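Data block below; observations after.
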Amino acid sequence: MKANVYRGPYKLQIEDKPRPEVQKQSDVVLRITATCICGSDLHLYHGLISPDLPGQTLGHENVGIVEDVGSAVNFVKKGDRVVVPFNISCGECEFCQSGLWSMCDNANPFNPKGPGAAFGYAKLLGGYDGGQAEYLRVPFADTMCLKIPEGVKDEQAVLLADIFPTGFYGCDIAGVKPGHVVVVGGSGPVGLMAQMSALLRGAARVYALDRVPERLELSRKIGAVPINVDREDPVKKIMDDTSGSGADACVEAVGYEATGKGMIAPGKNVELKPLVVLETLMKVAKKGALIGMPGLFAPTPADPEGRVSFPLGYAFTKELGFRMGQCNVKNYNRYLMQAIKDGRVDPSIIVTHREALDRAPKLYEQFDKREGGIVKVVLLP
Ligand SMILES: NC(=O)c1ccc[n+]([C@@H]2O[C@H](COP(=O)([O-])OP(=O)(O)OC[C@H]3O[C@@H](n4cnc5c(N)ncnc54)[C@H](O)[C@@H]3O)[C@@H](O)[C@H]2O)c1
Ligand SMILES: [Zn+2]
Ligand SMILES: [Zn+2]
């Protein structure tokens with residue numbers, strides 16, 4: 001089968017690989033019908049995560065039709081059209097059973113007590129092949145697969161593998177409530193989904209901070225107030241609009257490449273400011289507000305503990321709260337599916353590219369440079 005394979009930083013290629021098979025009897029194999037490129041894939045593409053698995057197939061946002069079913073699978077059937085969360089989770093351990101699906105103890109063979117597992121995300125997250133391919137092996141299939149009802153399109157459902165739940169999670173951990181003023185840093189796919197989610201949760205006003213005009217235009221379409229951070233001071237604008245009191249809740253949806261690659265620039269005379277967006281949010285946050293951080297701040301080979309200089313005193317005196325980490329997709333995907341099915345929201349308005357799998361390496365390059373209005377790419381194997 002064809003697969004989009006990681007061969008090192010900035011080196012992806014379409015290769016012929018063996019079609020995956022059921023390895024454990026709790027597995028299914030999907031024929032992939034839609035799979036996306038994600039901002040998280042860019043951190044891998046830049047060689048930041050762990051450049052230790054050349055030959056791995058990328059792709060953690062996957063929809064497909066079930067073809068092979070292990071004998072221990074009870075609820076998923078051949079022919080089912082399903083979306084699978086990017087987090088791989090057993091459903092049985094202490095963490096899965098408390099809703100921390102991203103911290104599963106039984107999914108990451110390289111680091112069982114570590115940060116769980118995901119498709120196509122290096123050894124860091126278990127070394128599993130991803131779904132930017134014609135077929136995908138899905139472990140723990142009964143826990144993982146969510147059936148897609150009729151009336152929901154593949155390009156809507158595939159956004160439930162990660163970014164729509166992740167945007168919603170960003171709002172959840174920021175405590176977004178009806179009537180809130182919410183500020184979202186970033187209008188990439190995750191930021192846009194956080195903006196849509198804040199409005200779905202009843203926010204009165206949502207501000208969107210980015211610098212890419214096409215992305216800010218999508219924020220406007222979603223119903224947020226766009227602020228181009230290169231043209232306008234977001235702190236002044238938001239504090240003026242709120243008579244100096246600030247935002248009730250904030251979401252950081254940019255991550256640690258806000259001014260360059262990673263937390264530190266080893267051996268180079270460049271000062272990176274990975275927290276620049278977070279610090280803006282801390283300034284616009286109302287006293288006592290929570291800041292949700294779905295944007296990725298992972299260790300890098302050059303910076304294994306992800307250390308940064310952080311204005312803790314400022315945060316303490318303002319009594320701000322922070323929560324961060326991988327989205328636990330399974331806590332949200334089922335009811336967001338319902339909201340799509342009922343026509344309450346359509347996350348697929350951010351899909352700008354629907355293209356053949358062969359084009360993946362080229363599209364990574366374009367997505368990385370944010371060229372030609374590219375926002376969300378759906379690959380159709
Ligand atoms: N926590 C999770 O489970 C989870 C899931 C998916 C993605 N993520 C992370 O979320 C982040 C966003 O993902 P995405 O797919 O939207 O990626 P993206 O790279 O497409 O979007 C990032 C956006 O941030 C904007 N940006 C960059 N620097 C900025 C700055 N200094 N000021 C204002 N805007 C700035 C960019 O213009 C871009 O639109 C990434 O770090 C990704 O890894 C986390
Ligand atoms: Zn993703
Ligand atoms: Zn588990």
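All figures in this text were calculated on a predicted structure; none of them were measured in a lab. Order of listing sets the numbers, starting from 1, for every ligand and every atom in it.
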Which of Asp241, Asp240, Asp233 passes salt bridge (Lys or Arg N to Asp or Glu O under 4.0 Å) with Lys237? Answer is Asp241

With a 4.0 Å cut-off on heavy atoms, is [X] in contact with ligand 1?
X      : result
Tyr169 : no
Arg370 : yes
Phe367 : yes

Considering only the protein, which heavy-atom contact is closest to [atom], and what is its distance?
atom                    : answer
atom 7 (C) of ligand 1  : Ser40 OG, 3.1 Å
atom 5 (C) of ligand 1  : Asp162 OD1, 3.1 Å
atom 23 (C) of ligand 1 : Asp210 OD2, 3.6 Å

Do any N/O/S atoms of Cys36 come under 2.8 Å of the Zn ion (ligand 2)? no

Could you confirm whether Glu61 has any N/O/S atom lying under 2.8 Å from the Zn ion (ligand 2)?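 So Glu61 does bind the Zn ion (ligand 2) by this criterion.
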
Please state which part of Leu296 comes within less than 4.0 Å of ligand 1, counting heavy atoms only: side chain, backbone, both or neither. both

If we only count N/O pairs under 3.5 Å, is [X] in contact with ligand 1?
X      : result
His43  : yes
Pro189 : yes
Cys38  : no
Cys327 : yes

Using the Zn ion (ligand 2) as the apex, give the angle to atoms SG (Cys38) and OD2 (Asp162), rounded to 10 degrees.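 An angle of 120° at the metal.
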
Hey, does the side chain of Lys287 reach the backbone of Leu320 with a donor-acceptor pair shorter than 3.5 angstrom? no

Looking at [X] and [Y], does any basic side-chain N land under 4.0 Å from a carboxylate oxygen?
X      : Y      : value
Glu15  : Lys17  : no
Glu365 : Lys369 : yes
Arg19  : Asp68  : yes
Lys177 : Asp248 : no
Arg81  : Asp154 : yes

Would Met282 and Val308 show up in the same hydrophobic cluster when neighbours are defined by side-chain heavy atoms closer than 4.5 Å?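 Hydrophobic grouping puts Met282 with Val308.
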
Just so I know, are the side chains of [X] and [Y] near enough to count as touching, which here means a heavy-atom distance under 4.5 Å?
X      : Y      : result
Pro381 : Lys2   : no
His60  : Tyr128 : no
Val63  : Ile32  : no

Restricting to N, O or S atoms of His60, which is nearest to the Zn ion (ligand 2)?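 Result for His60 and the Zn ion (ligand 2): NE2.
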
Stacked cation flag Arg201 on Phe168, 6.0 angstrom / 45 deg: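 Relative to the ring axis of Phe168, which defines the angle, Arg201 lies inside both limits.
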
Nearest candidate to atom 35 (C) of ligand 1, where distance is taken over non-hydrogen atoms, out of Asn87, Val254, Val190: Val254

So, at under 2.8 Å, which protein N, O or S atoms would a careful student list around the Zn ion (ligand 3)? Cys90 SG, Cys93 SG, Cys96 SG, Cys104 SG

